[in-house]
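Here's the structure, in structure tokens; my notes come after.
First the proteins, then the strands, lettered A, B, ... as listed; each starts at 1.
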Amino acid sequence: MSETKEMQPRYEPAGVEERWQRTWEDEGLYRAVPDPSKTPFVDAHPPPNVTGELHMGHALQLAVGDTIVRMKRMQGYNVLFQPGYDHAGISTQNAVEKALLREGTSRQELGREKFEARVWEWLHEYGGKILVQFRRMGASLDYSRTRFTMDEAYVRAVMRFFVHLYRKGWIYRANRIINWCPYHQTSLSDLELVHVDVDDVLSTIRYPLADGDGHIAIATVRPATIPADVAVAVHPEDDRYKHLVGREVIVPWTEQRVPVIADERVEREFGTGALKITPGHDPTDFAIGRDHGLPEPSCIGLDGLVTAAGLEGLTQKEAEEKILDWCRERGLLEKRESYRHTVALCERCETRIEPLISLQWWCSMEELKRRPLELLRAREIVYHPESQHRFAIDSLENAPDWNISRQIWWGHQLPVWTCPDGHLTVQETEPEACADCGSTELTRETDVLDTWFSSALWPFATLGWPDDTEDLRHFYPGHLQTTAREIIRLWENRMIFSGLELLGEKPFSDVIIHSTVLAPDGRRMSKSLGTGIDPLEVIERYGTDPTRYGLLKNSLTQDVRFSYAAIEEGAKLANKLWNAARLIVTSCEGALPAERPASLEERWILARLSQTQREVERLLGEFDFAHTTDALYHLTFDDFCDWYLEAVKARLYDGDADARATATAALERLLKLLHPLLPHVTEEIWSHLPERETRLIVAPWPEAGGEEEAGALQRVQESAQVFRRSGIVPQLEGDEKRIFDAVVKPERAPQRGGADAEAERARLRKEIARAEGMLANERFVENAPAEVVAAEREKLERYRRELEAVGDA
RNA sequence: GGGCGCAUAGCUCAGCGGGAGAGCGCUCGCUUCACACGCGAGAGGUCCCUGGUUCGAUCCCAGGUGCGCCCACCA
């Protein structure tokens, strides 16, 4: 399938990349088909939010997964790289609501059914955008298998999961304090909040003792919640208040009598050391209240407005004013001081969160987390880098029960029906009648499930579960996951326990937690800061190959700053490779004779290719992309181009058949090693090589041969170094002399003066003195490892040899 | 308040017990028939500070300083 196109001196990714992306997909080379004769390799790529535009983190994530997957595919694995997108409950609902607002209407006006229809409409318009972006990033996903978490089949999996957990007794309904977003009118998990610092006012208010004997002062930033106070708490060891425990105080405004209790969760150092207890509107107070058996009244409604007697319908600010005035009149307001603290906001709309008590659905984690922990501890599932493995274990150990219900409209409605008598019927599909009393007047639970409840099924719901499909049998359990750090607890842990619980096997064995890509100035990339860089714009400018190279050049262990320089390095590598290929292709037209690598430089480059291949296999096995790029960059520039090609160039021009055959073979191997990293340029070059039977993307990964000759050019390279520094031509013979003359071109090199030679001698003498000094140190020779001492001896000999060559004046 | 991580050349970063490295940038020399997104040479560094362990520390340990991220109910 060689195509005879002229190769331009400069490689231009534009056009070439899109062409290959189409070709690979059209020729079905991304397709994954179950085949029992092959070993599967599965990476279920995280489904981005359907509303989203891909950001730099997605680009990195895709590059990481795609690089591994491309190597595996060439190595003969039956690769499934699964694409799709997530319905992203609240985030999607938000986007559509914003659109409705612009049209002058609202979700409430439309009603639930019309709103849902509207979301689907919106999805049909924008939902495909993600996949276009995936393709443009060169991701070799099997697009024919694209799944959506609200597909009919997927919904069935979600319902099955819920019913399964319910029947196990792990799903329950309970009143708990939750994070309530008054704007979205829904509960939110702790992980859906953002915390920001705000300037607030801390008020110190006196609660008179019921027996008239003085007062206790408490400090609060939320006087509006005073009407729901049920106690005042002090630390049990606090000598200031010990004597008051068990007595009663009078709550301002309501003038209710409440007890003084002791609890060690009270911070003695904060404020006055006394804390008002409002279980209905504060998580700490809620916990303390439950432990002390206190009532849980509320004074703030779901809309965030106050409901307390005499304050009905007021905003919290207004209520606060009234209460503070009330206190002031009675001399109970001790002081007001400015106070900076953090508050929780809804991450979607940045509305201040109200902690409220609400009836929610929960999933108990006690049983579900047991086996995942065993597997993680046994390292049957491994997070990379190692620090994230420990974090994953910690976060699972401490996983609280999971609030799985949300009071929004867009999502999977709970498969729970209630009859007028309050019996619950829980089953996958709509029941005819109540399971308990046979009533046919059933109403379905209006809550929907947390988005992550469905995401948790991604590795197998995409394969057809709950049906026993061929896909499932062949492609489950999978292997790789690539994810951002912040969703380990939201997603990774839940995929693991759901896979183990429902299918009995872990969904994957390795999880790569990639780094966060920061803006060039080290700040977070974010739209609101204006620091975001659109990966598609970078791709437009530099090409996909350079972009993924630039992103992968960084280590996984720490956050990295986005760097155009790294991407330009990738562009240079692509261009260098292109030109190396141009030299070989243009001088090697015509039939190829048998390969017979006879000369020193040929044996050397083939050994270097093998050596680097092993290194790349090892590095990618450890998911070390930074060193992979480094090794391949130097292999291409230094070894392949600057030494090997320079050495054989003359023979290629002369039409030496053996040289041409070996050059083509060597280039072929170089292209294979580089393909996972730079898929497009390597495939394009491959298409210019004569008589290729397959596309490079599915060409077999080479067998790494021997490495014995990898050091064969050492003497020539050392001589070159000495010559270039000193101008002194070394004594070499045969192949070594020929290579030296071809690569170093002594006749063309500028004549060096005596100063250079003298500088070189001085350098060598210094090195020799250092090495001699070390070897003269008995304690070094005795205590240092034998190989370290031997290496030092070798160095000494080499320096002496070089000094002799330079002429020890 | 917990947890994790980072401080190495002008910049971005690798190295992590025995010669201080890469890429970019900078200086100098190359109109060498694959490539100037090239080739060659070079300048540039108390490897954050203070102690400790060691024959030997950029690397290990302790403390300090300065950053970053994640988590957390100080009202």
For a quick check of understanding: with a heavy-atom distance under 4.0 Å over all strands, which category does [X] fall into, base, sugar-phosphate or nothing?
| X | value |
| --- | --- |
| A/K795 | base |
| A/F640 | nothing |
| A/K276 | nothing |
| A/D642 | sugar-phosphate |
| A/R485 | sugar-phosphate |
| A/V788 | base |
| A/N575 | base |
| A/Y549 | nothing |
| A/P785 | base |

For the residue pair A/H281 and A/W180, is the inter-centroid distance of their aromatic rings smaller than 6.0 Å?
no
List, with names and distances, any nitrogen or oxygen atoms from the protein found under 3.5 Å away from nitrogen or oxygen atoms belonging to nucleotides 7-13 of chain B.
residue : atom : partner : partner atom : Å
B/U12   : OP1  : A/R561  : NH1          : 3.0
B/C13   : OP1  : A/R561  : N            : 3.4

From CZ of A/F723 over to C1' of B/G29, roughly how many Å is that when rounded to an integer?
13 Å
I'd like a list of close polar pairs between nucleotides 24-28 of chain B and the protein, N/O only, cut-off under 3.5 Å.
residue : atom : partner : partner atom : Å
B/C24   : OP1  : A/K572  : NZ           : 2.0

Using 30° and 60° as the class boundaries, would you call the ring planes of [X] and [Y] parallel, tilted or perpendicular?
| X | Y | answer |
| --- | --- | --- |
| A/F740 | A/F723 | perpendicular |
| A/W452 | A/W491 | tilted |
| A/W578 | A/H688 | perpendicular |

Given B/C55, B/C4, B/C70, the nucleotide with the shortest approach to the side chain of A/N777
B/C55
A/R390 has its side chain closest, among B/A22, B/G5, B/C35, to B/G5
My validator wants the stems of RNA chain B: runs of 3 or more consecutive Watson-Crick or G-U pairs, both distances under 3.5 Å, written as range with range.
B:1-7 with B:65-71, B:10-13 with B:21-24, B:26-30 with B:38-42, B:48-52 with B:60-64
Look at [X] together with [Y] and state whether they make a salt bridge at an N to O cut-off of under 4.0 Å.
| X | Y | value |
| --- | --- | --- |
| A/E772 | A/R800 | yes |
| A/R336 | A/E320 | yes |
| A/E569 | A/K572 | no |

Is the cationic atom of A/R541 (NZ for Lys, CZ for Arg) positioned less than 6.0 Å from the six-membered ring centroid of A/Y564 and within 45 degrees of its normal?
yes
Intermediate values then yes/no, side chain to side chain contact (heavy atoms under 4.5 Å, CB included), A/L333 and A/I205:
CA-CA 5 Å; A/L333 181 59; A/I205 296 169; 4.0 Å; yes
Just do the side chain to side chain contact (heavy atoms under 4.5 Å, CB included) check on A/W643 and A/E601 with the steps written out, would you?
CA-CA 8 Å; A/W643 279 96; A/E601 69 271 28; over 6 Å; no
Is there a side-chain contact between A/I300 and A/E354 in this structure, where contact means two heavy atoms from C-beta onward sitting under 4.5 Å apart?
yes
Assuming nearest nucleotide by heavy-atom distance, tell me which of A/E12 and A/N783 is located more 5' along RNA chain B.
A/E12
Both A/F637 and A/E792 contact RNA chain B. Taking the nearest nucleotide for each, which residue is further toward the 5' end?
A/E792
Does a side-chain N or O from A/Y339 land closer than 4.0 Å to OP1 or OP2 of B/C74, or not?
no
Sticking with atom C1', work out how far B/C6 lies from B/A43, rounded to a whole angstrom.
29 Å
Do A/K553 side-chain atoms and A/G550 backbone N/O form a donor-acceptor pair below 3.5 Å?
no
